[in-house]
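Have a look at the structure below, then the notes.
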Amino acid sequence: MTCEVTFMIIRIENIADYVDQTITMQGWIYAKTGKGKLHFIQLRDGTGIAQCVVFQKEVSEEVFDVTQQLTQESSVLLTGTVRKDERAPGVPGGYEVGVTDIQVIQSVNEYPITPKEHGVEFLLDRRHLWIRSSRQWAILRIRACIMRSIREWLDENGFLEMTTPVITPAAVEGTSTLFEIDYFDKTAYLCQTGQLYNEANIAAFGKVYAFGPTFRAEKSKTRRHLTEFWMVEPEIAYCDLGQLLEIEEQFVSHIVQSCLKKCSAELALLGRDISMLSNIKPPFPRITYDNAIERLIDLKNETDDPEQKSLIDIEWGDDFGAPHETALTQMFDKPVFITHYPTQVKAFYMPVLENRPEVCCSADLLAPEGYGEIIGGSERIHDHDTLVNRIKEHNLPIETYDWYLDLRKYGSVPHSGFGLGIERTVSWICGIEHIRETSPYPRMINRDNP
RNA sequence: UCCUCGGUAGCUCAAUUGGCAGAGCGAUCGGCUGUUAACCGAUUGGUUACAGGUUCAAGUCCUGUCCGAGGAGCCA
């Protein structure tokens, strides 16, 4: 198979730079519609979608013949002249190509995903093809932008990326939510967090972050859960809760503003309401857990709907469920920090407030529009004996915390950190319903393929 | 693990009280010079998830199994 090219190859995202020039694009037929002697082709090349127009009288008989035979997802080299035309759809759109030549690399028979409706199961079974569809393409481009802007902000603000192991030797907490693997006849587990290693790394590097996949064997079947998801976990030495929240709001704002700047075409394709994102700038509102409970109880008393009443029913000491998070986030038009959760619902390493041991120095960040928790963070206990007591109180195997406790013997300092879930953040920024569309190949309780 | 709903053509779905298995889309063929999920005409399409039962007759009713969806629980 030859790929003879006689004109300049361009990427569709740069099409506006080539008006009145004859160019070649390397891509796939996304859609085609014919009107007798006039055919419209939507060509994808990975960077965008361009409308290409074939007039019978402007091309050879052979090329028009080829045009009529083109099928969805056939791979082609397409040559023509770029022109501005406001009628032209596509991404970026507004430009189209008057075709002069088409070279088919492979002609496709019966591509399974048509431009019509399909069910979720059908599409997920064909995820390797579904990612070519414009909506999925846009979501995954935004995901990449989010990941890029995360590294951008952290790298520019003095954080060092430091990887943490995926294979870990012992359960930090109960084994029920860990994936077990056979590690040379010993049991090992896939990581749930890199945090403990981050806490070692800050003593070497000051400010660090881990960025990678994490695994939860929870049998959760909701629109917010995956069994494999990506998390970025920054950790900062000499940092208290107040300083941590300032870092978080700048960090999250940078991510959102980067997407608005670099992915406006993708957000438009998804039909995302940009006004809900453009005001995401520091400062974010902060309320205490106590106050959140008061607000939920008030809301419950104000509502007449008995179903809603029981959904948001809550007592001090309970952790929030999805309906509570949704109700709370709808009270604000920015992400909101909920601080000082009850000690009993949070992790063993979070320090308690000096005069109120029933609450701890923790904060979650809830995304607006009902999207809920995207960040969990806290100060970490830095006193050796306090930490030992808490490990014992939680009935955790103290011997597995040897090296972790070492960190409290050799130059322990106050420190804090947080973890941001990538897929939940993508859901929020893209404004989509279900987290499964935010991962290229989502892993869920009943799905490990493709 | 629990609750609710579902599984019928390649896809999305319909099928009245238990009474001939249907439509749209796709695909194929033909027509059309501005389409945006084009449109018009024709052709093509079935182990009704699986196993058993009731009945003159089951997509429909009963029992069991499998698979999926939404939600709950769970979720540092």
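Sequence lines set the chain letters: A, B, ... in the order given, protein chains first and strands last, and positions in each chain run from 1. Worth knowing before you read on, the calculation uses all heavy atoms, side chains too, and leaves out hydrogens, waters and symmetry mates.
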Nearest to the A:Pro89 side chain among B:U35, B:G73, B:A76, which nucleotide is it? B:U35
Measuring only the P atom in each nucleotide, how far is B:C3 from B:U36? A whole number of Å is fine. 48 Å
Straight-line distance of A:Leu269 CG to A:Ile49 CD1, nearest 0.5 Å: 6.5 Å
Between B:G68, B:G73, B:U35, which one does the side chain of A:Gln51 approach most closely? B:U35
B:C20 and B:A58, which share atom name P, separated by this distance in whole Å: 12 Å
Go through B:G73, B:U33, B:G68 for me and flag the one nearest to the A:Leu38 side chain. B:U33
Using the C1' atoms only, state how far B:G41 lies from B:G6, rounded to an integer number of Å. 37 Å
Identify which nucleotide among B:G70, B:A76, B:A72 has an atom closest to any side-chain atom of A:Ala322, counting heavy atoms from C-beta outward. B:A72
Would A:Ser378 and A:Arg380 count as having a side-chain donor-acceptor pair, cut-off 3.5 Å? yes
Any side-chain to backbone donor/acceptor pair from A:Arg126 onto A:Phe122? Under 3.5 Å, distance only. yes
Would you kindly say whether A:Thr100 and A:Glu58 are connected by a side-chain donor-acceptor distance under 3.5 Å? no
Does A:Lys221 make a side-chain donor-acceptor contact with the base of B:A69, cut-off 3.5 Å? yes
Categorize A:His225 for me: base, sugar-phosphate, or nothing, with a 4.0 angstrom heavy-atom threshold over every strand shown. base
Short side-chain N/O contact from A:Arg436 to OP1 or OP2 of B:G70, under 4.0 Å: yes
From the candidates B:C32, B:G34, B:A76, the one with an atom nearest any side-chain atom of A:Phe40 is B:G34
For the C1' atoms, the ones on B:G19 and on B:C61, what distance do you get once it is rounded to whole angstrom? 14 Å
Does any N or O in the side chain of A:Thr343 come within less than 3.5 Å of the main-chain N or O of A:Glu358, such that one atom is a donor and the other an acceptor? yes
Note: for A:Pro115 and A:Ile445 on RNA chain B, the residue whose nearest nucleotide lies more 5' is A:Ile445
Using a 4.0 Å heavy-atom cut-off across all strands, classify A:Gly119 as base, sugar-phosphate, or nothing. sugar-phosphate
Under 4.0 Å, counting only non-hydrogen atoms across every strand here, what does A:Arg87 touch: a base, just sugar-phosphate, or nothing? base
Pairwise C1' distance, B:U43 and B:A9 [rounded to whole Å]: 15 Å
Would you say A:Asn446 places a side-chain N or O within less than 4.0 Å of OP1 or OP2 belonging to B:C67? no
Strictly below 4.0 Å: does A:His434 bring a side-chain N or O up to OP1 or OP2 of B:G70? yes
Which of B:A76, B:G73, B:G68 is nearest the side chain of A:Lys219? It is B:G73
Sticking with atom P, work out how far B:G18 lies from B:U63, rounded to a whole angstrom. 16 Å
Between atom CZ in A:Phe320 and atom C1' in B:A72, what is the gap in whole Å? 18 Å
Ignoring the backbone of A:Lys35, work out which of B:A69, B:C32, B:G73 is nearest its side chain. B:C32
With the side chain defined as heavy atoms from C-beta on, A:Pro323 is closest, among B:G34, B:A76, B:A72, to B:A72
Using only modelled atom types and a 3.5 angstrom limit, is any donor from either the side chain of A:Lys346 or the base of B:A76 paired with an acceptor on the other? no
Check every strand shown and say whether A:Phe122 touches a base, only sugar-phosphate, or nothing at a heavy-atom separation below 4.0 Å. sugar-phosphate
Touch class at under 4.0 angstrom, heavy-atom based, for A:Asp319 against every strand present: nothing
The nucleotide from B:A38, B:A37, B:C32 with an atom nearest the side chain of A:Thr33 is B:A38
What is the distance from atom CG of A:Leu178 to atom CZ of A:Arg216, rounded to the nearest 0.5 Å? 9.0 Å
Using the P atom as the reference point in each nucleotide, state the distance between B:A49 and B:A15 in Å, no decimals. 15 Å
Do A:Glu246 and A:Gln250 have side-chain atoms, one donor and one acceptor, less than 3.5 Å apart? no
Does A:Thr114 get its side chain close enough to the base of B:C11, under 3.5 Å, for a donor-acceptor pair? no
Between A:Gln42 and A:His118, name the one whose nearest nucleotide on RNA chain B is closer to the 5' end. A:His118
Please give the distance between the P atoms of B:G22 and B:U54 as a whole number of Å. 28 Å
Taking B:G34, B:G70, B:A27 as options, the one with an atom nearest any side-chain atom of A:Glu96 is B:G34
